[in-house]
Amino acid sequence: MDMTQPPDPQLSDDLERFRLRNFLAGLGADEIEIREQPIDLADVAAALEANPKAVWFKSVGPERAELAGNVAGSRARLARAFGATPQTVLAEVVRRLGNPPEIIEVPRERAPAQAIVATGDAIDMTALPVHLQHEADGGLYISAAIDFAIDAKVGWTNVGMRRLMLRGRAETGIDLVSPSDLRAIYLEAAARGQTLPLSFTIGANPIDMVAATMRLPVNELGLVASLRAAPLAVVKCITNDIRVPADAEYVIEGFLDARGHVEDEGPYGEFLGYYGGVKRNPLFHVTAITRRRDALFQTVSIGGRHMDTTDSAQLVALRTEATVWRALETAVREPIAVYATTATGGMFNLRIALRQRVPGEARNAILAALGSLANVKHVFVVDPDIDIFSDAQMDWALATRFQADRGLIVETGLRTLPLDPSLPDGARIGAKAGFDLTWPFGQGERLERSIPEPPALSGARFSSLEAALQHGPKYFSELMAAAGSRDGREIVLALDALRRAPGLDRDARGRYVLKPG
Ligand SMILES: Cc1cc2nc3c(=O)[nH]c(=O)nc-3n(C[C@H](O)[C@H](O)[C@H](O)COP(=O)(O)O)c2cc1C
């Protein structure tokens, strides 16, 4: 980190360019719903449920706070954040992962995220616009919090997303049950009887959320910079030594209690669409709340019946795809596309298109994908002609290119997500399946495996039908092209004449040929 940087106009621009408010301001009416009218916190969840658009509430609760929801809840919006399309965003993320990160520390005076500071008795988490998300949730949850912690072993900053359950003005629960780097860092501190400093940003560009959802063995602050493809301005927190993006809307500083997983947390509407129950989890103590002058709070959608419009499924899908893509790059020669369906939470059902260069690569791809992430449960592999973003084309491929006794791979006893409600109670391992929907290697050429298209009539012209047929076997459409026909019925009559003399035949693909002699 360079702490001696002079003020840099480009950096000042970036402090505004990547802020949540400006990302929202750039969305068109097809992507964002702006709600000017006042709304109670109790009604926010219903306004976000199954809503394909981001929602910008301009007046929430008695404080008339500003709140944004569902910001990352569509692939189009995620793609927009990366300057890509829904089809190209994965390639763009993978490309940006290779960007050398540049992190620049700015002093507090230049950090919009610390324009207003509350410490001590001024801390009040219940003054933030935090709403009840699901009927049976154990309380009010901050759902859009990105966490930053220092991994003392390597000195790197670990970045993730973790929900916070309000327990009072300066105390929250946190979910730290699943295997994660933060959990490991925390358990080491707690084993030494030490608290773990931790800070959260709330109100972030979707890029920062994508970076937070990734789990890579790097300084993940650098990952934020790499994925932004711009220098990342960070500021040191006021009450701990953690650096956080200086352009966040809000920062919550504090530490995790040293007593370990001792307090009840949950239930909560989880990322598979169902509730997770009450868990024993650590406590988070708040030591400062800092924010922008015109701070915009954020919430994300997670559980429920309409998974494909949730921030959670969209973010997790990109992370799943990036992880699987990297595994495929070493497992097979020519992966074409990867898509984790968001209706299944962005991880359980995964689609791969690849061009098989040697027999067996489809099955290698299945095993590589299943092994790359515990969260990948069913893998569907297709040839490159199938659009893996189309449910209809995938259904068609499953129906017509799959034989269960040949193309199904089932593996049991694998690590999976204990949250999967189809597992027996308490199970931690489960089954996974692969579906090879590719044509048998080298056998996709038969007419019965070719796909009908409307006639293009683009074949070569000939002086007569007979000359065309002397040139070689022709489909009816090629004979129409040969004669320049825009009709076809006269070709029927011409073929009828040829059938009588010199004689016509059909080849194995149904093309017309002249009888020999
Ligand atoms: C919206 C959202 C909320 C999440 N909430 C949690 C959470 O509360 N607890 C958790 O362990 N993981 C949660 N995750 C998953 C982690 O953020 C993710 O696994 C991350 O890679 C963990 O980072 P780490 O291993 O570097 O600590 C959430 C992910 C998303 C997208």
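Ligands are counted one by one from 1 in listed order, and the atoms in each one are counted from 1 as well. We use all heavy atoms of the structure for the numbers below, so side chains are in, but hydrogens, waters and symmetry mates are not. Bear in mind that the values here come from a model prediction, so they are computed numbers and not experimental data.
Across the listed options Val300, Leu318, Thr310, Val300 owns the non-hydrogen atom lying nearest to atom 1 (C) of ligand 1.
Distances from ligand 1 to the non-hydrogen atoms of Arg183 include no value under 4.0 Å. By the 4.0 Å heavy-atom criterion, Leu176 is excluded from the residues contacting ligand 1. Asp311 does not count as a contact of ligand 1, since none of its heavy atoms falls under 4.0 Å from the ligand. Using a 4.0 angstrom heavy-atom cutoff, Met209 does not count as in contact with ligand 1.
Shown here is Arg169, whose CZ atom has no more than 12 heavy atoms of other residues, nucleotides or ligands within 6.0 Å. The 12-atom threshold is exceeded at CZ of Arg183, counting heavy atoms of other residues, nucleotides or ligands nearer than 6.0 Å.
In this structure, the protein non-hydrogen atom closest to atom 20 (C) of ligand 1 is Ala212 O, 3.6 Å. With respect to atom 21 (O) of ligand 1, the closest heavy atom belonging to the protein is Thr213 O, 2.9 Å. Protein heavy atom nearest atom 8 (O) of ligand 1, with residue, atom name and distance: Arg163 N, 3.0 Å. The shortest contact between atom 28 (C) of ligand 1 and any protein heavy atom is with Met161 O, 3.5 Å. Here the protein heavy atom with the shortest distance to atom 23 (O) of ligand 1 is Arg162 NH2, 3.5 Å. Among all protein heavy atoms, the one lying closest to atom 26 (O) of ligand 1 is Asn158 OD1, 2.8 Å. Taking atom 11 (O) of ligand 1 as the reference point, the nearest protein heavy-atom neighbour is Asp175 O, 3.6 Å.
Every pair passing ring-ring contact (aromatic ring centres under 6.0 Å, His included) that includes a residue from residues 187-229 is listed here, sequence neighbours excluded: Phe200-Phe284.
Close approach to Arg319 involves these atoms of ligand 1, each under 4.0 Å from a residue heavy atom: 18 (C), 19 (O), 21 (O). Proximity to Ser180 (heavy-atom distance under 4.0 Å) selects the following atoms of ligand 1: 25 (O), 27 (O). Atoms of ligand 1 lying under 4.0 Å from at least one heavy atom of Glu220, given by number and element, are 26 (O). Per-residue contacts place Met214 under 4.0 angstrom from the following atoms of ligand 1 (heavy atoms of the residue considered): 21 (O). Ligand-side atoms of ligand 1 in range of Asp181: 24 (P), 25 (O), 26 (O), 27 (O), range being under 4.0 angstrom from any heavy atom.
For Asp43, the salt bridge (Lys or Arg N to Asp or Glu O under 4.0 Å) test picks out no residue, with sequence neighbours left out.
Here the straight-line distance linking atom NZ of Lys279 with atom OG of Ser178 works out to 5.5 Å at 0.5 Å rounding. Taken from CD in Gln114 to OH in Tyr250, the straight-line distance is 15.0 Å, to the nearest 0.5 Å. Put simply, CD1 on Ile202 and CG on Leu67 are 11.0 Å apart, with the number rounded to the nearest 0.5 Å. Taken to the nearest 0.5 Å, the CZ atom of Arg35 stands 12.0 Å off from the OG atom of Ser59.
Looking at Leu182 next to ligand 1, an N or O pair under 3.5 Å apart turns up. Residue Ser143 places no N or O, backbone or side chain, under 3.5 Å from any N or O of ligand 1. Close N/O approach between Ser178 and ligand 1 is not found [any backbone or side-chain N/O within under 3.5 Å]. The shortest N or O to N or O distance between Ser312 and ligand 1 is not below 3.5 Å.
Side chains of Glu220 and Trp156: a donor-acceptor N/O pair is absent below 3.5 angstrom, by distance only. No hydrogens or angles considered: a donor-acceptor pair under 3.5 Å links the side chains of Asn240 and Ser199. Between Tyr339 and Gln87, the side chains place no donor N or O within less than 3.5 Å of an acceptor N or O (distance only, hydrogens not considered).
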### Worked check of ring-ring contact (aromatic ring centres under 6.0 Å, His included) between Phe348 and His378
CA-CA 6 Å; Phe348 267 17; His378 304 131; 7.3 Å; no
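By the 6.0 Å and 45° rule, Arg228 stacks over the aromatic ring of Phe18.
By the criterion of a heavy-atom distance under 4.0 Å, the backbone of Val159, and not its side chain, is placed next to ligand 1.
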